[in-house]
Peer 1: 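Have a look at this one.
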Amino acid sequence: MNISTVSELLKLDKTLIDVEVKGWVRTFRANRFIALNDGSTINNIQCVVDFENTNENLLKRITTGAAVYIKGTLVESQGKGQKVELQVNTIEILGDADPEEVSKTILQPKRHTLEFLREQAHLRTRTNTFSAVMRLRSSLSFAIHEYFNKNGFYNMHAPIITGSDAEGAGEMFRVSTLDPKNPPLSEDGEIDYTQDFFGKETNLTVSGQLEAETYAMSLGKVYTFGPTFRAENSNTSRHLAEFWMIEPEVAFMDLDGNMDLAEDFLKYVLKYILESNKEDLAFLEQRLIQEDKTKPQIERSTMTLTEKLRFVIDNNFKRVSYTEAIDILRNSKPNKKKKFKYLINEWGADLQSEHERFLVEKHFKCPVILFDYPANIKAFYMRLNEDEKTVRAMDILFPGIGEIVGGSQREERLEVLKEKMAALDIPEEELWWYLDIRKYGTAVHSGFGLGFERLVMFATGMSNIRDVIPYPRTPQNAEF
Ligand code: ATP
Ligand code: MN
C-alpha cells in the first residue's frame, strides 16, 4: 500500500478505506487523539488511538515531536473541525522525542515569539506559521518560473562570484583563498591579489543585472532568479546580507514595456498563490488579525491579507512621474504639518518609505509606479532622458512596504554611457565586457529587479524579512 500525505487524506471523500501515513505528532491528548502533521498542509489529521488495546509503553512514546508511522482506517469524524479522521490500527514510532527536551524548544505547542522561533530556525517549520510561510515561498518561486516560461523567457544563471565591484548596488563580500594571517604583499605593501585564486580581487554578486543584459542582447528575453549578497551593515527588518533576486531583462523593450511587464508579472504570481495556497493564506490572515488586536489603533492595518493581495491584483497600477510625485508630497498634509520624518522640500530629494507609503495608501489608494527619477539618485546604467536631468528609471510601490521593484531602461548609447561612467569614476577596464554590448548591435533594452523576500513578506504579511527565508544572514548572525 502507498503512504499517503495528510493533505491527500484530508481531501478524500471515501471513507472506510485502509490508509498509511507518516508524520510528526503535534499533540497527543487524552491518551487518545493524535494531531498529526507531515508538512503537506497546514491542517493536521486527527488519529484516534484505541488506548485500551495499545501497549502502555508504546502509548508513552507518542509524544509531541515524535515521528510516527500509522496504519489505519479513514472514517467520518465524530468531532467537529474535520470531515475525516484516522482510526489507528497500528502505530510505529520512527523517531522518539523526549518530552523533557521538547519542553525547551519551540515544538512545545503554545505561543512563541518570532524572536524565539528564529533562535531555533532549524525547527521552526514544524510550526503552523513557518510551514505556511515556507509553502507560500515555494509556491511563489514556482509561479515566477512558470510566468517567465509561459512568456518566452529563458532562465539565466548569473555568476555568484564576480570580478567587478563597480556596480554600486551595495557593499560587497570579498571572495579570497589567501591566508588572512599572512597574505602575499606587493612592493608597495598592499595585498597582492594577482596571487589570489582568480588572479584578481573577486566578490560575491550584488545583482545579476549586468550579466543578464549581455544575455538579453542575444537571447532576447531572459531572467535571473538567484542569490545575491550585500554587506549591508544596517540591521533593518527589510534587509538581509544574503537574499534572492529576480531580474528579467528584455531586448527591444522600453520603459513603458518594462512597466507593463512588471505589473502583469506581479499580478500573475499573486493571483497564483491566492488560488493555490488558500489554506495557508487563511491561516496567516487570521494570525495577522490576532496580532493587530495587540497593537494600538493607528498601527492596525486597514486591509486584511487577502484584501491587500486583491488590491494589487484588481487595481491598475497608477503611473506617476517623479516630478509629479514630488509636487504631491510637497503639498501633502503630513509634509506641511511636519509629520514626515524626512520633509520634502525640493526636487531631487530621494524618497523614503514613509513617502512611498503615503502615495500608495493615502493619496492614490492603488499600487504606484514612479518613473523618470533624477539622474543623480539613480545608477549609472539608466538611460538619460532628453531633459538630461532625469533617467528612465521606475520603482513600484506597494501598500505596507513601499518599494518592491526597481528597474529601468538601460543606457544603450556607448558615448553617453562612457561619459556617465567617467563622471562617476567607474573605470572602463572594469566593465569592458558590459560596454562591448553597446558596440555590436546595441539596442533599447530594459529590465527590473525584485527582491524575492520582499515579495514573500508582502504575500504572507510577515513584518520581518528574517521570517521569510529559511536561514537568514544578517550582521552578527550566521548561526545555522
Ligand atoms: P533598498 O533601498 O530597500 O535598500 P535598493 O535600492 O538597495 O533597496 P536595489 O539595488 O534596487 O535595491 O535592489 C533590487 C531589489 O532588491 C529591491 O527593490 C529590493 O526588493 C531588494 N533588496 C535590496 N537590498 C536588499 C536586501 N539587503 N535584502 C533583501 N532585499 C533587498
Ligand atoms: Mn539598499
Peer 1: Considering only heavy atoms from C-beta outward, does the side chain of Ile396 approach that of Phe448 to under 4.5 Å?
Peer 2: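 Ile396 vs Phe448: side chains apart.
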
Peer 1: Is there a donor-acceptor contact under 3.5 Å from the side chain of Asp196 to the main chain of Thr177?
Peer 2: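 Looks like yes, one N/O pair under 3.5 Å.
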
Peer 1: Under the rule for side-chain contact (heavy atoms from CB on, under 4.5 Å), what residues qualify as partners of Lys378, not counting sequence neighbours?
Peer 2: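 By the side-chain contact (heavy atoms from CB on, under 4.5 Å) rule, Lys378 matches Tyr373, Met382, Val391, Ala393, Asp395.
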
Peer 1: Side-chain contact, heavy-atom cut-off 4.5 Å: Leu117 with Leu114?
Peer 2: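 They are in side-chain contact.
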
Peer 1: Within the side chain of Ser234, is there an N or O that forms a donor-acceptor pair under 3.5 Å with the backbone of Thr236?
Peer 2: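 Not at all, since once roles are kept as given, no pair shorter than 3.5 Å links the two residues.
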
Peer 1: Hey, are Glu213 and Arg438 close enough for a salt bridge, meaning a charged N less than 4.0 Å from a carboxylate O?
Peer 2: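 Arg438 and Glu213: salt-bridged.
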
Peer 1: Is any side-chain heavy atom of Leu210 closer than 4.5 Å to a side-chain heavy atom of Tyr381?
Peer 2: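 SC-SC contact between Leu210 and Tyr381 confirmed.
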
Peer 1: Any donor and acceptor pair, going by atom type alone, linking the side chain of Thr224 with main-chain N or O of Met156 inside 3.5 Å?
Peer 2: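 Checking the backbone N and O of Met156 against the side chain of Thr224, no donor-acceptor pair under 3.5 Å is found.
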
Peer 1: Evaluate whether atom OH of Tyr215 has more than 12 neighbouring non-hydrogen atoms of other residues, nucleotides or ligands under 6.0 angstrom away.
Peer 2: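 At most 12 heavy atoms, drawn from other residues, nucleotides or ligands, come within 6.0 Å of this atom.
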
Peer 1: Any side-chain to backbone donor/acceptor pair from Arg383 onto Val444? Under 3.5 Å, distance only.
Peer 2: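 The answer is no, because no donor-acceptor pair under 3.5 Å joins these two groups.
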
Peer 1: Can Asp256 and Arg392 be counted as an ion pair, charged N to O under 4.0 angstrom?
Peer 2: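 Not counted as a salt bridge, because no side-chain N and carboxylate O are separated by less than 4.0 Å.
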
Peer 1: With the side chain counted from C-beta on, respond yes when Ile469 and Leu240 share a heavy-atom pair under 4.5 Å apart, and no when they do not.
Peer 2: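 With C-beta onward as the side chain, the pair touches.
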
Peer 1: Given 3.5 Å as the limit, does a donor-acceptor pair link the side chain of Asp98 with the main chain of Glu100, or not?
Peer 2: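 A pair under 3.5 Å: yes.
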
Peer 1: Glu285: what forms a salt bridge (charged side-chain N to carboxylate O under 4.0 Å, His left out) with it, not counting sequence neighbours?
Peer 2: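 Residues passing salt bridge (charged side-chain N to carboxylate O under 4.0 Å, His left out) with Glu285: none at all.
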
Peer 1: Quick check: does any side chain N or O of Glu242 sit under 3.5 Å from a backbone N or O of Arg473, one acting as donor and the other as acceptor?
Peer 2: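 Looks like no, no N/O pair under 3.5 Å.
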
Peer 1: Listed by chain and number, what are the side-chain contact (heavy atoms from CB on, under 4.5 Å) partners of Lys200, not counting sequence neighbours?
Peer 2: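 With sequence neighbours excluded, Lys200 shows a side-chain contact (heavy atoms from CB on, under 4.5 Å) to Phe198, Thr202, given in chain and number order.
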
Peer 1: According to side chain to side chain donor-acceptor pair (under 3.5 Å), does anything in residues 340-352 pair up with another residue at least two apart or in another chain? List the pairs.
Peer 2: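 Of all non-adjacent pairs touching residues 340-352, those that pass side chain to side chain donor-acceptor pair (under 3.5 Å) are Thr323-Trp347.
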
Peer 1: Can you tell me how far the CD atom of Gln120 sits from the CG atom of Leu107, to the nearest 0.5 Å?
Peer 2: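 Answer rounded to 0.5 Å: 7.5 Å.
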
Peer 1: What side-chain donor-acceptor pairs closer than 3.5 Å can you find for residues 133-151, not counting sequence neighbours?
Peer 2:
residue, atom, partner, partner atom, Å
Arg135, NE, Asp280, OD1, 3.2
Arg135, NE, Asp280, OD2, 3.1
Arg135, NH1, Gly39, O, 2.8
Arg135, NH2, Ser131, OG, 3.2
Arg135, NH2, Asp280, OD1, 3.0
Arg137, NH1, Glu453, OE2, 2.9
Arg137, NH1, Val468, O, 2.9
Arg137, NH2, Glu453, OE2, 3.0
Ser139, OG, Arg135, O, 3.3
Ser139, OG, Asn277, OD1, 2.9
Ser139, OG, Asn277, ND2, 3.1
His145, ND1, Tyr223, OH, 2.6
Glu146, OE1, Tyr268, OH, 2.6
Tyr147, OH, Asp264, OD2, 2.7
Lys150, NZ, Tyr268, OH, 3.0
Asn151, ND2, Tyr147, O, 2.7

Peer 1: Go through the structure and list residues passing ring pair (Phe, Tyr, Trp, His ring centres under 6.0 Å) with His112, not counting sequence neighbours.
Peer 2: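 Once residues adjacent in sequence are excluded, the partners of His112 under the ring pair (Phe, Tyr, Trp, His ring centres under 6.0 Å) criterion are Phe116.
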
Peer 1: Salt bridge (Lys or Arg N to Asp or Glu O under 4.0 Å), that's the test. Do Lys318 and Glu324 meet it? Break it down for me.
Peer 2: CA-CA 12 Å; Lys318 177 82 185 168; Glu324 284 172 75; over 6 Å; no

Peer 1: Name all residues meeting the ring pair (Phe, Tyr, Trp, His ring centres under 6.0 Å) criterion together with Phe283; count only those two or more places apart in sequence or in a different chain, and write none if there are none.
Peer 2: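 For Phe283, no residue satisfies ring pair (Phe, Tyr, Trp, His ring centres under 6.0 Å) once neighbours in sequence are set aside.
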
Peer 1: With rounding to the nearest 0.5 Å, note down the distance linking CG in Leu431 to CG in Leu417.
Peer 2: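 Those atoms lie 8.5 Å apart.
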
Peer 1: When you look at Leu370 and Glu356, which way does the side chain to side chain contact (heavy atoms under 4.5 Å, CB included) test go after all the steps?
Peer 2: CA-CA 9 Å; Leu370 292 186; Glu356 299 171 340; 5.5 Å; no

Peer 1: Does Arg410 pair with Glu412 as a salt bridge, N-O distance under 4.0 Å?
Peer 2: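 Salt bridge between Arg410 and Glu412, a charged N being under 4.0 Å from a carboxylate O: no.
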
Peer 1: Under a 3.5 Å threshold, yes or no: a donor from one side chain and an acceptor from the other, between Ser321 and Asp372?
Peer 2: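 The answer is no; no qualifying pair exists.
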
Peer 1: Are side-chain heavy atoms of Leu359 and Val320 found at a separation under 4.5 Å?
Peer 2: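 SC-SC contact between Leu359 and Val320 ruled out.
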
Peer 1: Using the salt bridge (charged side-chain N to carboxylate O under 4.0 Å, His left out) criterion, which residues pair with Glu247? Sequence neighbours excluded.
Peer 2: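 Result, salt bridge (charged side-chain N to carboxylate O under 4.0 Å, His left out) vs Glu247: none returned.
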
Peer 1: So, does Glu411 use its side chain to make a donor-acceptor pair with the main chain of Phe380 at under 3.5 Å?
Peer 2: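 Pair absent, no side-chain N/O of Glu411 close to backbone of Phe380.
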
Peer 1: Mind checking ring pair (Phe, Tyr, Trp, His ring centres under 6.0 Å) for His445 and listing every partner two or more places apart, or none if nothing turns up?
Peer 2: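 Result, ring pair (Phe, Tyr, Trp, His ring centres under 6.0 Å) vs His445: none returned.
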
Peer 1: Donor-acceptor check, side chain of Thr64 to backbone of Arg26, threshold 3.5 angstrom: yes or no?
Peer 2: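 Flag set: sc Thr64 to bb Arg26 pair under 3.5 Å.
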
Peer 1: Over all heavy atoms of both residues, which pair between Arg466 and Arg124 is shortest? Give the atoms and the distance, please.
Peer 2: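 Scanning both residues completely, I find the closest heavy atoms to be O-NH2, 3.2 Å.
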
Peer 1: Is there side-chain contact between Asn203 and Phe229, with at least one heavy-atom pair below 4.5 Å?
Peer 2: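 Heavy-atom side-chain distance check fails, nothing below 4.5 Å.
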
Peer 1: Looking at Phe252, I'd like to know if its CZ atom is crowded, meaning that more than 12 non-hydrogen atoms belonging to other residues, nucleotides or ligands lie closer than 6.0 Å.
Peer 2: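 At most 12 heavy atoms, drawn from other residues, nucleotides or ligands, come within 6.0 Å of this atom.
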
Peer 1: First locate atom CG of Leu455, then atom CG of Leu266, and finally report the distance between them rounded to the nearest 0.5 Å.
Peer 2: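 If we round to the nearest 0.5 Å, Leu455:CG and Leu266:CG are 6.5 Å apart.
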
Peer 1: For Lys295, is there any backbone N or O sitting under 3.5 Å from a side-chain donor or acceptor partner on Arg300?
Peer 2: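 Here the side-chain-to-backbone pair exists.
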
Peer 1: Search all heavy atoms of Gly348 against all heavy atoms of Ile377 and return the closest pair with its distance.
Peer 2: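 So the minimum-distance heavy-atom pair works out to O-CG2, 3.8 Å.
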
Peer 1: Quick test of your reading: applying salt bridge (charged side-chain N to carboxylate O under 4.0 Å, His left out), list the pairs with at least one residue in residues 111-123, sequence neighbours left out, ordered by first then second residue.
Peer 2: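 Residue pairs passing salt bridge (charged side-chain N to carboxylate O under 4.0 Å, His left out), neighbours aside: Arg118-Asp467.
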
Peer 1: Is the side chain of Lys308 donor-acceptor paired with the backbone N or O of Ala459 at a distance under 3.5 Å, no angle test?
Peer 2: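 No, the answer is negative, given that no donor and acceptor are paired below the 3.5 Å cut-off.
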
Peer 1: So, for Thr127 and Phe130, which heavy atoms are closest and what is the spacing to 0.1 Å?
Peer 2: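 Looks like OG1-N, 3.3 Å.
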
Peer 1: Do NZ/NE/NH1/NH2 and the carboxylate oxygens of Glu275 and Lys271 come within less than 4.0 Å?
Peer 2: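 Salt bridge: no.
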
Peer 1: List the residues meeting salt bridge (charged side-chain N to carboxylate O under 4.0 Å, His left out) with Lys221, not counting sequence neighbours, and say none if there are none.
Peer 2: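 Per chain and number, Lys221 pairs via salt bridge (charged side-chain N to carboxylate O under 4.0 Å, His left out) with no residue.
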
Peer 1: How long is the gap from OG on Ser237 to CE on Met462, to the nearest 0.5 Å?
Peer 2: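 Rounded to the nearest 0.5 Å, the OG-CE separation comes out at 12.0 Å.
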
Peer 1: To the closest 0.5 Å, what do you measure between CG (Leu270) and CD1 (Ile313)?
Peer 2: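 Here the interatomic distance stands at 5.5 Å.
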
Peer 1: Can you list the steps and then say if Leu435 with Met421 is a side chain to side chain contact (heavy atoms under 4.5 Å, CB included)?
Peer 2: CA-CA 10 Å; Leu435 291 168; Met421 286 169 62; 3.9 Å; yes

Peer 1: If you round to the nearest 0.5 Å, how far is CD of Glu171 from CG of Asn233?
Peer 2: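 Going from CG on Asn233 over to CD on Glu171, the span is 9.0 Å.
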
Peer 1: Does Tyr471 have any ring pair (Phe, Tyr, Trp, His ring centres under 6.0 Å) partners at least two apart in sequence or in another chain, and if so, which?
Peer 2: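 Applying ring pair (Phe, Tyr, Trp, His ring centres under 6.0 Å) to Tyr471 gives Phe480.
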
